[in-house]
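Input: a single structure, listed below in structure tokens.
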Amino acid sequence: MDERRASLSTNRETRGLLPSAQLRVFLLSPANINGVRARMIMRDDAGSELAHRLRAEGAPLGDLFSFISGLYFRGKLAYARAFSNAPPGVSGSLVITACGGLMPSDTLVTLEHLRRISAIDVDPRDERYRVPLLHDAQLLSSLVGTDCEIVLLGSIATPKYAEPLVEIFGERLVFPIEFTGRGDMSRGGLMLRCVETGMPLTYVRVLEAARRGRRPPKLTPLTRVRSGL
């Protein structure tokens, strides 16, 4: 196994393969490191535990992007961890990066590394983004085989994720139909709700999915049962 193949494996203790269940790996769109929360954790005087880890041994990429992006990425990460069913040794939640290809969400990254993999805008016309992504997608395809679904947890309204990924995965690339018409916050809340209820979303092929749609009704609050004393 070469270095790039090893980079798609997980550092977490993997669950046993679910018998007779659909093999499924999730690809998570990245957080924007140009926002307020990104600047907060990347500044020199940042004092949080996560910021200290970022400057020392490194912090998990998923945790960093969850802090930077908030509800949306936190929902994607929790959902992927709850519903992935990857082949043994392969990470069930891989993060798409701006110029570092695909990276398992539990990858430890330092501040320098974070800046390096996020140094450009996500643009499918930019070879610095496209070439590493296509390379890692091809490796992933060979590792998981033809029977594994690849679920994109990210926007398909623009070509920045869907276009290069369809090139490799074709009909295997799917997308939650419930995302259509929803904003980022609504998607994040929806995925956290799915984790809580144990009910996954419905996937459709990206090749056949509507890229845009009407905004669905707001989510109704979950009914919580309060336990007595």
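This one's a predicted model, so the numbers in the text were calculated from it and none came from an experiment.
Gln22 places a side-chain N or O within 3.5 Å of a backbone atom of Asp147 that can act as its donor or acceptor partner. Between the side chain of Tyr79 and the main chain of Leu190, no donor-acceptor pair closer than 3.5 Å is present. A donor-acceptor pair is defined here as one N or O able to donate and one able to accept, closer than 3.5 Å; no such pair exists between the side chain of Asp136 and the backbone of Gly101. Put simply, the side chain of Thr197 gets close to the backbone of Arg193: a donor and an acceptor are under 3.5 Å apart. Between the side chain of Thr107 and the main chain of Met103, no donor-acceptor pair closer than 3.5 Å is present. Counting only distance, with no hydrogens or angles, the side chain of Ser66 and the backbone of Gly62 share a donor-acceptor pair below 3.5 Å. A distance-only check finds no donor-acceptor pair linking the side chain of Ser118 to the backbone of Arg115 [under 3.5 Å]. Judged purely by atom type and a 3.5 angstrom limit, Thr180 uses its side chain to pair as donor or acceptor with the backbone of Ile177. Using a distance-only test at 3.5 Å, with no hydrogens or angles considered, a donor-acceptor pair links the side chain of Arg130 to the main chain of Pro124. Without hydrogens or angle criteria, Arg39 side chain to Asn34 main chain gives a donor-acceptor distance under 3.5 Å.
The pair Glu208-Arg205 meets the salt-bridge criterion, with a side-chain N (NZ, NE, NH1 or NH2) lying under 4.0 Å from an Asp/Glu carboxylate O.
Expressed to the nearest 0.5 Å, how far CZ of Phe175 lies from CG of Leu27 amounts to 13.0 Å. To the nearest 0.5 Å, the span separating CG on Leu54 from CG on Leu114 amounts to 6.0 Å. Rounding to the nearest 0.5 angstrom, the gap separating the CG atom in Leu173 from the CD1 atom in Ile168 is 11.0 Å.
Residue Met185 shares its hydrophobic cluster (ILVMFWY side chains chained together at separations under 4.5 Å) with Leu71, Leu192.
Judged purely by distance below 3.5 Å, without hydrogens or angles, the side chains of Arg53 and Ser48 never pair a donor atom with an acceptor atom. Using modelled atom types, one finds a donor on one side chain and an acceptor on the other under 3.5 Å when comparing Lys76 with Ser29.
A pairwise comparison of heavy atoms in Tyr72 and Ser155 identifies OH-N, 4.3 Å as the closest pair.
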* Decide salt bridge (charged side-chain N to carboxylate O under 4.0 Å, His left out) for Glu149 and Arg172; before the verdict, give the C-alpha distance in whole Å, the side-chain angles of both, and the deciding distance to 0.1 Å. => CA-CA 5 Å; Glu149 274 188 345; Arg172 285 179 292 164; over 6 Å; no
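Ile120 and Ile96 fall within a single hydrophobic cluster, where Ile, Leu, Val, Met, Phe, Trp and Tyr are joined by side-chain heavy atoms under 4.5 Å apart, directly or via other members.
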